[in-house]
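The analysis underlying the following values was restricted to heavy atoms, covering all of them including side chains, and did not include hydrogens, waters or symmetry mates.
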Amino acid sequence: MTVQQSSPTFRHADTGPFPGYSADVGLDLPDLSPRLEQEITARLVSRDFDAWATTAARVGHCTKPIRLRGHSQTVDTVTGEVLGSYSSDEEPLGVLHVRCGNRRASDCPSCSRVYAADTFHLIRAGVVGGKGVPDIVRENPLVFATLTAPSFGPVHGTRNGRRCRPYRAKDEAGRCPHNRPTVCHATHLDGDRMLGQPLCGDCYDYESHVVWQWWAPELWRRFTIALRRALARALGISPHRLAQVATVQFAKVAEYQLRGLVHFHALVRVDGKAYDDASPAPAPAGITAALLSSAIESASASVWFDAPPLFGGDLVRRLRFGSQVDSRPVRGAHRTDDPDKQLEAEQVAGYLAKYATKSATDSTNTASPHLHRLRSTIAQTVDRQRFEAATTDALMAEHPYALLGKWAHMLGFRGHFSSKSRRYSVTLGRLRRARARFQRRLATATRDGRTLDTRDLDDLLADDDTETTLVVGHWTYAGSGWDTDGDAELARAAAARAREHAQWRAAQPRKQTN
């Protein structure tokens with residue numbers, strides 16, 4: 001189904017209009033059911049379509065916006081004067097719609113794109129400065145590190161274009177105890193449904209997989225401690241003394257592999273001691289990116305954690321990171337996909353921002369037997385834990401895996417997908433407050449019929465205590481999502497066209513005009 005659109009034409013001095021805005025180019029809505037087509041058609045011919053379109057545009061064509069009812073007043077904190085008032089009754093649809101804010105691209109592409117942009121600027125600021133971060137961070141040692149999960153059984157992989165697993169170990173007979181081959185001579189390409197699948201599902205250690213995934217955040221915490229100790233040893237000082245000389249800052253995201261386990265990707269930076277206890281300082285002499293890279297490899301190899309049993313009679317597992325650790329200095333390093341090109345800070349920031357918007361099913365085949373068995377293992381483990389708690393009068397809430405069922409949709413991973421140390425850079429909260437302040441000022445300028453000078457917006461990132469106005473309101477929850485699934489599909493298609501326009505605009509050699 002193709003929906004025709006009437007929108008203003010965006011022109012560029014050299015390349016002409018954006019090709020997506022034309023009477024001949026509509027919104028693409030493929031593979032729609034008859035019910036969805038009927039709902040979309042009903043929306044397009046409805047009397048309140050213009051009101052719906054205005055509302056959808058205001059929330060960036062969010063797929064599942066939050067609906068609120070209520071009112072607010074803007075008050076001058078110095079004089080107590082009421083500067084303005086607002087009511088949801090003033091909205092085109094009679095209710096206030098706000099973004100859902102979901103970070104997952106599979107759930108809401110529009111809000112995920114905003115989250116990725118915020119994450120990109122957060123990470124980039126810690127590499128090159130800006131957003132309140134001093135430029136001194138450009139000179140401090142910086143390493144891009146990847147910590148992997150260990151193997152819980154052989155799986156099919158791409159192997160950089162080589163055959164999957166052409167050789168067997170010396171002590172193998174070519175077949176596992178379940179009489180399945182332990183070798184694979186196929187050359188798997190991207191998109192192959194076999195990728196990430198175990199060669200033998202009965203040999204694969206699913207319970208250890210679940211335990212490692214559950215405690216992966218604890219392994220990362222211990223890694224950060226071990227890294228500081230490794231740096232101290234390299235400098236010949238005690239870990240306590242290191243805190244008085246240098247600090248380790250990082251921005252980390254988790255990414256799912258095809259086999260359903262997470263990798264940790266991180267930018268790790270070493271700063272000098274911050275005398276004002278806030279801003280990064282120059283790194284001390286003697287700490288280089290090469291030294292930091294070596295310390296990361298040493299720390300990741302030394303970290304371990306003895307995980308408690310899943311249930312009675314289960315074993316205690318000693319968990320570690322995988323042996324494949326990649327730690328490369330960012331400045332002066334070269335890309336793995338193109339050795340002739342250097343690894344750029346902005347490129348790394350883009351990688352991490354993209355990883356932060358993925359869900360557990362974005363990198364795995366949701367219909368695969370491996371994923372089905374992994375979730376089945378989690379469900380069976382939870383059922384057994386509950387049975388044991390009921391028969392022994394133990395408190396389920398005190399069990400170390402009490403919330404495992406809650407995180408089954410994330411394949412047992414309960415950590416933050418995107419996190420950072422306190423002084424790495426600006427926070428997501430400050431970036432969001434800055435965007436909200438800009439939107440309020442832009443709305444005020446538009447209402448007053450004046451132009452907003454963006455050169456006077458340096459205070460957008462200021463702390464809340466510098467604000468001279470206070471917004472006081474009363475809001476009640478009215479629901480989530482659009483009225484119909486057809487509305488959601490229409491918003492999703494419009495968001496996709498907006499992304500195409502943003503990509504086209506970024507590729508233009510000069511600033512476009514309207």
Side-chain angles (χ1 to χ4, degrees), residues 1-10 17-23 25-33 35-68 88 90-120 353-354 356-359 362 431-432 435-436 438-440 442-443 446 478-506 512 514:
M1 180 177 183
T2 301
V3 178
Q4 297 297 330
Q5 52 184 344
S6 59
S7 302
T9 300
F10 290 81
F18 169 56
Y21 283 96
S22 169
V25 182
L27 298 177
D28 294 326
L29 295 162
D31 302 325
L32 292 179
S33 65
R35 178 179 64 85
L36 286 178
E37 286 196 12
Q38 183 179 4
E39 290 176 352
I40 291 175
T41 302
R43 170 59 68 191
L44 294 174
V45 299
S46 64
R47 293 182 178 180
D48 61 351
F49 173 73
D50 289 341
W52 181 90
T54 299
T55 302
R58 288 180 179 177
V59 295
H61 299 102
C62 172
T63 306
K64 194 175 182 179
I66 309 300
R67 302 193 302 274
L68 301 172
S88 58
E90 303 172 8
E91 291 294 319
L93 294 178
V95 63
L96 175 63
H97 288 69
V98 298
R99 284 180 174 271
C100 69
N102 199 311
R103 67 164 185 84
R104 298 177 180 88
S106 57
D107 291 338
C108 182
S110 174
C111 291
S112 172
R113 188 165 176 265
V114 175
Y115 182 91
D118 286 346
T119 302
F120 171 82
K354 178 185 69 174
T357 62
K358 287 187 175 182
S359 65
D362 287 339
L431 290 175
R432 289 164 180 163
R435 182 167 55 250
F438 172 78
Q439 290 172 345
R440 286 198 299 267
L442 181 62
T446 302
S480 298
W482 299 106
D483 292 340
T484 66
D485 292 337
D487 286 351
E489 288 299 323
L490 194 58
R492 189 186 300 271
R497 183 53 49 85
R499 289 194 301 275
E500 293 173 5
H501 174 250
Q503 293 167 356
W504 171 85
R505 185 175 182 178
Q512 73 172 19
N514 188 353

(message) Between Ser110 and Arg99, does the side chain to side chain donor-acceptor pair (under 3.5 Å) criterion hold? Intermediate values first, please.
(response) CA-CA 9 Å; Ser110 174; Arg99 284 180 174 271; 2.9 Å; yes

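- Proximity of Ser112 to Arg104: side-chain heavy atoms (C-beta onward) are nowhere separated by under 4.5 Å.
- Residues Leu68 and Val95 come closest through the heavy atom pair O-CG2, 3.0 Å.
- Remark: Arg499 pairs with no residue by the salt bridge (Lys or Arg N to Asp or Glu O under 4.0 Å) rule, at least two apart or across chains.
- Pairing each heavy atom of Leu431 with each of Asp118, the nearest pair is CD1-O, 3.4 Å.
- One distance of note links CD1 of Ile66 with OG of Ser480; it measures 3.5 Å at 0.5 Å rounding.
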(message) If you apply the rule side-chain contact (heavy atoms from CB on, under 4.5 Å), what do you find for Val45 with Phe49, and how did you get there?
(response) CA-CA 7 Å; Val45 299; Phe49 173 73; over 6 Å; no

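- The two atoms that bring Cys62 and Trp482 nearest to each other are O-NE1, 2.9 Å, heavy atoms only.
- Each side chain to side chain donor-acceptor pair (under 3.5 Å) pair with one or both residues in residues 49-66, not counting sequence neighbours, appears once here: Arg58-Glu91.
- No donor-acceptor pair closer than 3.5 Å links the side chain of Arg103 to the backbone N or O of Tyr115.
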(request) Would you sort out whether Arg43 and Glu39 count as a salt bridge (charged side-chain N to carboxylate O under 4.0 Å, His left out), showing the intermediate values? (result) CA-CA 6 Å; Arg43 170 59 68 191; Glu39 290 176 352; over 6 Å; no

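- Counting heavy atoms from C-beta outward, Arg67 and Leu93 have side chains that stay 4.5 Å or more apart.
- Side-chain contact between Arg492 and Leu490 is absent, with no heavy-atom pair separated by less than 4.5 Å.
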